[in-house]
Amino acid sequence: MKFKKRYILLILYLLFLLMPIYWLMNMSFKTNEEILGQFSLFPETFVWDNYITIFTDASWYSGYINSLIYVVLNTIISLSVALPAAYAFSRYEFLGGNHLFFWLLSNRMAPPAVFLLPFLNFYSSIGIFDTHLAVALAHTLFNVPLSVWILEGFMSGIPKEIDESASIDGYSFPKFFVKLFLPLIAPGIGVTAFFCFMFSWVELLLARTLTTVNAKPISAVMTRTVSAAGMDWGLLAAAGVLTIVPGILVIWFVRNYIAKGFSLGRV
Amino acid sequence: MNKTKNQKAWLLVLPVFALVAFSAIIPLMTVVNYSVQDIFGIDDRVFVGKEWYQEILRDEVLHGAFKRQLIFSALVLLIEIPLGIAVALSLPRRGFGSSLAITLVAIPLLVPWNVVGTVWQVFARTDIGLGGSLLLSFGIDYNYTSNPFDAWITVLIMDIWHWTSLVVLLCFARLQSIPNVYYQAARIDGASLWSIFRFIQLPKMKEVLLLAVLLRFIDSFLIYTEPFVLTGGGPGNATTFLSQYLTQLAVGQFDLGPAAAFSIIYFLIILLFSWLFFTALTSQQEEKLEKTREN
């Protein structure tokens, strides 16, 4: 590839992005003495201890498991309600449809802090406080509108003639939807699942407030460690690195669709 | 696409409607209830009308937080949008380099928000952080834990680090979809890079840019976790933004009434701005539709 001048900006930007992450990785392989004692760009004594602690201590790794459970649960719930709705918005005009669409989007704009107290009271009163379901349901607040929006964009790209010819060929609606339509928008479903995963994975405020012990997410486990006396920087850094890894893996697989997922959404 | 009129479509929308009612309407009604009552216990509450609203509108700390929030969101938009466009223009268009660059650019978006705080905490600290100690070694007196201005700038840079990539990805997606004939025509006319940007790329990106502005405005207006981890709102109140203050009121001091009144006002402000953006977006689309019809 020929080097062009415009890459200078790109390289500077990538440096800016990657430096802090490199520093976190660097710290995660150091002992605490080295972190606090001397300044080094590369670990002098390279240790895996911090990672070993996380993988062997239940109070640490259960945080990752809890997070994964509610994230997956949330993705399933969001997708299964958003698919039919997105189909309706992309194919039919109905009373109040546009208003409903904007109202849905407006929930994406609601400050999570606003919903904190009511969620707390409401979920306690129906007895699902401190369960994975509580966090998964709370996260549908912003993931369902987003899913409907992205899926609607993908579905609008599928010509309506396909629906019509399927019904002429004698397909019932549910059979058409599952057998013919869903495979057609498979990339769209992938992108939507990715975004649900991502937004549920990165959220802290609701996840932390709605759980105490049984469903405590990794992000909450981390903040507790931060406030503990005598900070364990190495351990904190290792836990941070481990939260970034799943994201990088997922993003590599959907890299060609991410940009598309955003640009196709109905604006 | 022409849409069929069909009221049965409501049946397909019903699950979403029920779920969002469950997770949005009921809680929102609870907030409205709180905001007009003084609550002493479960069965001991008094209707106080608009008292909490008046109290919260007079709250000096809130005024400070609101002012900081507006300045913060404005700066975020002013820096991230142009920077995002510039980076999107400089991304390689195809091949392995393009995939790699996109993946690298997208990384900050997938870092959990509290870890973003942690990343910057360890990066910007002057004793153990690369960034902080570099600044010190250049002779710049920098300390984000004690100097309000430094704390402010650090939160701003952290947000740029975290979210500019969203603008980059949005713009890049739109740039990719511009047909090559536009560029060929421009080359034949001998157009400069600047005029290609000004008359081809920028107009094509208009919608996506409005969307980026909308998303960045909303999310920067709701910012909570990252400054919470990095500075805890301090030093003093220097980096206490609206969500931070609201959470303090609601969970920290358990002032349900004022917190609820504050929530409602907060939500309304965001809705108002979003509605303005949304109207701008849709009216533009209608204009475009009309143009294509005329042709």
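Computed over heavy atoms, backbone and side chain alike; hydrogens, waters and symmetry mates excluded. Below, read A as the first sequence line, B as the second, and so on, with proteins coming before strands; counting in each chain starts at 1.
- Per-residue counts of heavy-atom pairs under 4.5 Å with chain B were compared for A:L10, A:L141, A:L17, A:L18; the largest is that of A:L17.
- The heavy-atom pair separating A:Y123 from A:A134 by the smallest distance is CE1-O, 3.5 Å.
- Both the backbone and the side chain of B:L12 come within contact range of chain A, each with at least one heavy atom under 4.5 Å from a heavy atom of that chain.
- Heavy atoms of B:I270 lying under 4.5 Å from chain A belong exclusively to its side chain.
- With a threshold of 4.5 angstrom between heavy atoms, B:V168 approaches chain A through side-chain atoms but not through N, CA, C or O.
- Looking at B:I25, only its side chain comes within 4.5 Å of chain A, counting heavy atoms on both sides.
- Only the side chain of A:F173 comes within contact range of chain B, judged by heavy atoms closer than 4.5 Å.
- Between the side chain of A:Y13 and the main chain of B:S165, a donor-acceptor pair closer than 3.5 Å is present.
- The nearest pair of heavy atoms linking B:L89 to B:R93 is O-NH2, 4.0 Å.
- Interface summary for chain A: among B:L271, B:T30, B:T103, the most heavy-atom pairs under 4.5 angstrom belong to B:T103.
- With a 4.5 angstrom heavy-atom cutoff, A:L242 does not touch chain B via any of its atoms.
- Note: B:W120 and B:W161 have perpendicular aromatic rings, judged against thresholds of 30 and 60 degrees for the angle between ring planes.
- In summary, the aromatic rings of A:F89 and A:F94 are positioned with their centroids under 6.0 Å apart.
- In this structure, chain A has heavy atoms under 4.5 Å from both the backbone and the side chain of B:T164.
- Counting only heavy atoms from C-beta outward, the side chains of A:N143 and A:F195 never approach each other to under 4.5 Å.
- Each of A:V148, A:L14, A:L12 has some count of heavy-atom pairs under 4.5 Å with chain B, and the biggest count is that of A:L14.
- When the candidates B:L19, B:L130, B:V111 are compared by the number of heavy-atom contacts under 4.5 Å with chain A, B:L130 comes out ahead.
- The closest donor-acceptor contact from the side chain of B:Q121 to the backbone of B:G129 lies at 3.5 Å or more, if one exists at all.
- Neither the backbone nor the side chain of B:F273 comes within contact range of chain A; no heavy atoms are under 4.5 Å apart.
- Using cut-offs of 30° and 60° on the angle between ring planes, the pair B:F221 and B:Y266 is tilted.
- Nearest approach of A:D163 to A:P159, heavy atoms of both residues: OD1-O, 3.8 Å.
- No other option in B:A18, B:S133, B:S243 has as many heavy-atom pairs under 4.5 Å with chain A as B:S133.
- At least one side-chain heavy atom of B:F17 sits under 4.5 Å from a side-chain heavy atom of A:L100.
- Contacts between B:Y245 and chain A at a heavy-atom distance below 4.5 Å are absent for every atom of the residue.
- For B:L104, the parts sitting under 4.5 Å from any heavy atom of chain A are the backbone and the side chain alike.
- Taking the six-membered ring where tryptophan is involved, the planes of A:Y87 and A:F177 are perpendicular, since the angle between them exceeds 60° and thus also 30°.
- The contact between B:I157 and chain A is made by backbone and side chain atoms together, counting heavy-atom distances below 4.5 Å.
- Contact count versus chain B (heavy atoms, under 4.5 Å) is highest, among A:P246, A:G240, A:A86, A:P20, for A:P20.
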Starting from the C-alpha separation in whole Å, work towards a yes-or-no answer on side-chain contact (heavy atoms from CB on, under 4.5 Å) for B:F267 and B:V31. CA-CA 11 Å; B:F267 195 17; B:V31 176; over 6 Å; no

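- In this structure the side chain of B:V116 never reaches within 4.5 angstrom of the side chain of B:T225, judged on heavy atoms.
- The closest donor-acceptor contact from the side chain of B:S90 to the backbone of B:V87 lies under 3.5 Å.
- For A:L120, no part lies under 4.5 angstrom from a heavy atom of chain B.
- Counting heavy-atom pairs under 4.5 Å between each of A:A138, A:P84, A:S80 and chain B puts A:P84 at the top.
- Of all the listed residues (B:S98, B:P108, B:A9, B:P15), the one sharing the greatest number of non-hydrogen pairs under 4.5 Å with chain A is B:A9.
- B:N33 does not touch chain A: none of its heavy atoms, backbone or side chain, sits under 4.5 Å away.
- In summary, the aromatic rings of A:W23 and B:F123 are positioned with their centroids too far apart to meet the 6.0 Å limit.
- Interface summary for chain B: among A:V241, A:N26, A:L137, the most heavy-atom pairs under 4.5 angstrom belong to A:L137.
- Contacts between B:L91 and chain A at a heavy-atom distance below 4.5 Å involve backbone atoms as well as side-chain atoms.
- Contact count versus chain B (heavy atoms, under 4.5 Å) is highest, among A:L205, A:V144, A:L24, A:I244, for A:L205.
- Per-residue heavy-atom pair counts under 4.5 Å with chain A were compared for B:L14, B:V122, B:L11, and the maximum is reached by B:V122.
- When the candidates B:V105, B:I160, B:T247 are compared by the number of heavy-atom contacts under 4.5 Å with chain A, B:V105 comes out ahead.
- Of the two parts of A:F197, neither the backbone nor the side chain holds a non-hydrogen atom closer than 4.5 Å to a non-hydrogen atom of chain B.
- A distance-only check finds a donor-acceptor pair linking the side chain of A:R91 to the backbone of A:M155 [under 3.5 Å].
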